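First the structure, in the form of structure tokens, and then the observations on it.
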Number of protein chains: 2
Amino acid sequence: MTRAEEMTSGNDNRMPREPAAAAALVERYRREPGAGPLPWNEVLATLLSHRIVRAYRPDPVPAPVLAMAMAAAQSASTSSNLQVWSVVAVEDRERKARLAELAGRQRHIEECPLFLVWLADLSRLRVLGAERGKPTTGLDYLEGLMLGVVDATLAAQNAVAAFESLGYGTVYIGGMRDRPEDVAQVLGLPPDVVAVFGLCVGRPDETRPASVKPRLPVEAVLHREQYAGPVPAALVADYDAALRSFQAEQGMTQSGWSDTMLHRVRGPEALSGRDRLREALVARGFGLK
Amino acid sequence: MTRAEEMTSGNDNRMPREPAAAAALVERYRREPGAGPLPWNEVLATLLSHRIVRAYRPDPVPAPVLAMAMAAAQSASTSSNLQVWSVVAVEDRERKARLAELAGRQRHIEECPLFLVWLADLSRLRVLGAERGKPTTGLDYLEGLMLGVVDATLAAQNAVAAFESLGYGTVYIGGMRDRPEDVAQVLGLPPDVVAVFGLCVGRPDETRPASVKPRLPVEAVLHREQYAGPVPAALVADYDAALRSFQAEQGMTQSGWSDTMLHRVRGPEALSGRDRLREALVARGFGLK
């Protein structure tokens, strides 16, 4: 069996629609993919066409759409089946406005019809343990936070794929970590629960279309057998150029990538309050030992 | 426009294949979904049918399949476009065997044709800053770890959906956090880089089929407007029963959910070394301030 045959056999989802696959790679990386066959299907089409949507139509997200997105989220893997995550669905305009304020005045949080706040949730097991007189001190370590963050993120990303497959747009809101105690107050979070990020959901406003943002060349992030060492300067320069060309098309400042990123991580003053995250998590009951 | 019409218009992916959607929900939750229309498409079908695969055929994963999974991974959102993640693809049998050993002797790590180790990678920006004489002290906070873990997890979950859509099976390996320094040594990781989890990838061995594992009822994880408080005992009991019935079908010990989970978080002795995670991260260069 040739590699091409191997790739198109055995699963009905896999269709040798090479031109669409190659086009999607060009859009994502802004360079030509290598020769040879590429697999393609509706799932890849959905995932590769992801774009940030910050302009929404006001139509509410129908209950069956949220139900299927939740089933997708819950179908994601979870460490040891612990399921140490939860999500709060916020539709109330006033509450969304308060959360928008806490995330540095991001208007799309107020304007999207559905705002989902994804939580690392150790409370469910903590309360269960307390009710049954069982210790839960295994949660008091940094590992407890990791479990919750990974579980919540796996779930959220499945929900994003589900929403996008149904014609909805999304944008993650890391700003839910700017002021974790205030977010907890607005959402009535118990101890041992913290917001990992938010997610705006809604129908994209087609009068303000979003575009696929180029990413680092794959060889900058994919290592073979062992970590390959620093990214060659030429690759960074190529990507800076690709991003500047994207920014020009979008009417944005052509700042490229590397300088912008170094500005973003220059010090605590650039963290929008997240230099306090550790303190806030301890206040929320996380052990972080 | 009725809600049913609204749900099936405007996007070719959305097909009113209600019976398949309802069947997928029954399999995932082990109870009947509410009445009414449900959206359905190939993406939802892939996501909802996720199952853990630990038995693999030895066939290598073809390069174009990995290329498309990587493109899916890189298409996922990343905080501020920082892209603070990397992945090491391990195919060498000896190296997989060493990683299997470090994760508590999980044979499937050795037996899967492709083992991906997903990394929180602050090194790329750290090195870039050093080269250009720019400070990167914004990475020295717990928030830096969060960025890397969230970025790596969003990427990995997109890769999982891509692989599964192409007929491959996967299982996440949290055991990469059991002995982070040893994993770093095997993979040649530089400072500021740590394994978040591994992922086995390969064709499922159809002589040892995997099943969809039931999850908590949706109302236990989805809260409306504010956090709803502890999960009612009756819901936990329902889920314990659902999981026991799954375990019986699988020929597993019928331990249910709640007791098993409380055993899993009872204390540091149940963390397989991950009570040392904080110390190991600090040794790897993470500030965690």
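All values derive from a computational prediction rather than experimental measurement. Throughout, a chain's letter reflects where its sequence line sits, starting with A, and its residues are numbered from 1.
- Using a 4.5 Å cut-off between heavy atoms, V212(B) does not touch chain A at all.
- At a 4.5 Å heavy-atom cutoff, the contact between V149(A) and chain B is made by side-chain atoms alone.
- Of the two parts of T78(A), the backbone and the side chain both hold a non-hydrogen atom closer than 4.5 Å to a non-hydrogen atom of chain B.
- Heavy atoms of L216(B) lying under 4.5 Å from chain A belong to its backbone as well as its side chain.
- If you take OH on Y172(B) and OG on S79(A), they are separated by 11.5 Å, rounding to the nearest 0.5 Å.
- The pair K134(B)-D259(A) does not meet the salt-bridge criterion, since no charged nitrogen lies less than 4.0 angstrom from a carboxylate oxygen.
- Partners of E27(B) by side-chain hydrogen bond (donor to acceptor under 3.5 Å, both in side chains), not counting sequence neighbours: none found.
- With a threshold of 4.5 angstrom between heavy atoms, R95(B) approaches chain A through side-chain atoms but not through N, CA, C or O.
- The parts of W85(B) that come within reach of chain A are both its backbone and its side chain, each placing non-hydrogen atoms under 4.5 angstrom from that chain.
- Judged as a side-chain hydrogen bond (donor to acceptor under 3.5 Å, both in side chains), and not counting sequence neighbours, the contacts of Y239(B) are N81(A), Q83(A).
- For V193(B), the part lying near chain A is the side chain, with the backbone staying farther off; criterion is any non-hydrogen pair under 4.5 Å.
- For V127(A), the part lying under 4.5 angstrom from a heavy atom of chain B is the side chain only.
- Contacts of K213(B) with chain A are made by side-chain atoms alone, with heavy-atom separations under 4.5 Å and no backbone atom involved.
- Contacts of Y141(A) with chain B are made by side-chain atoms alone, with heavy-atom separations under 4.5 Å and no backbone atom involved.
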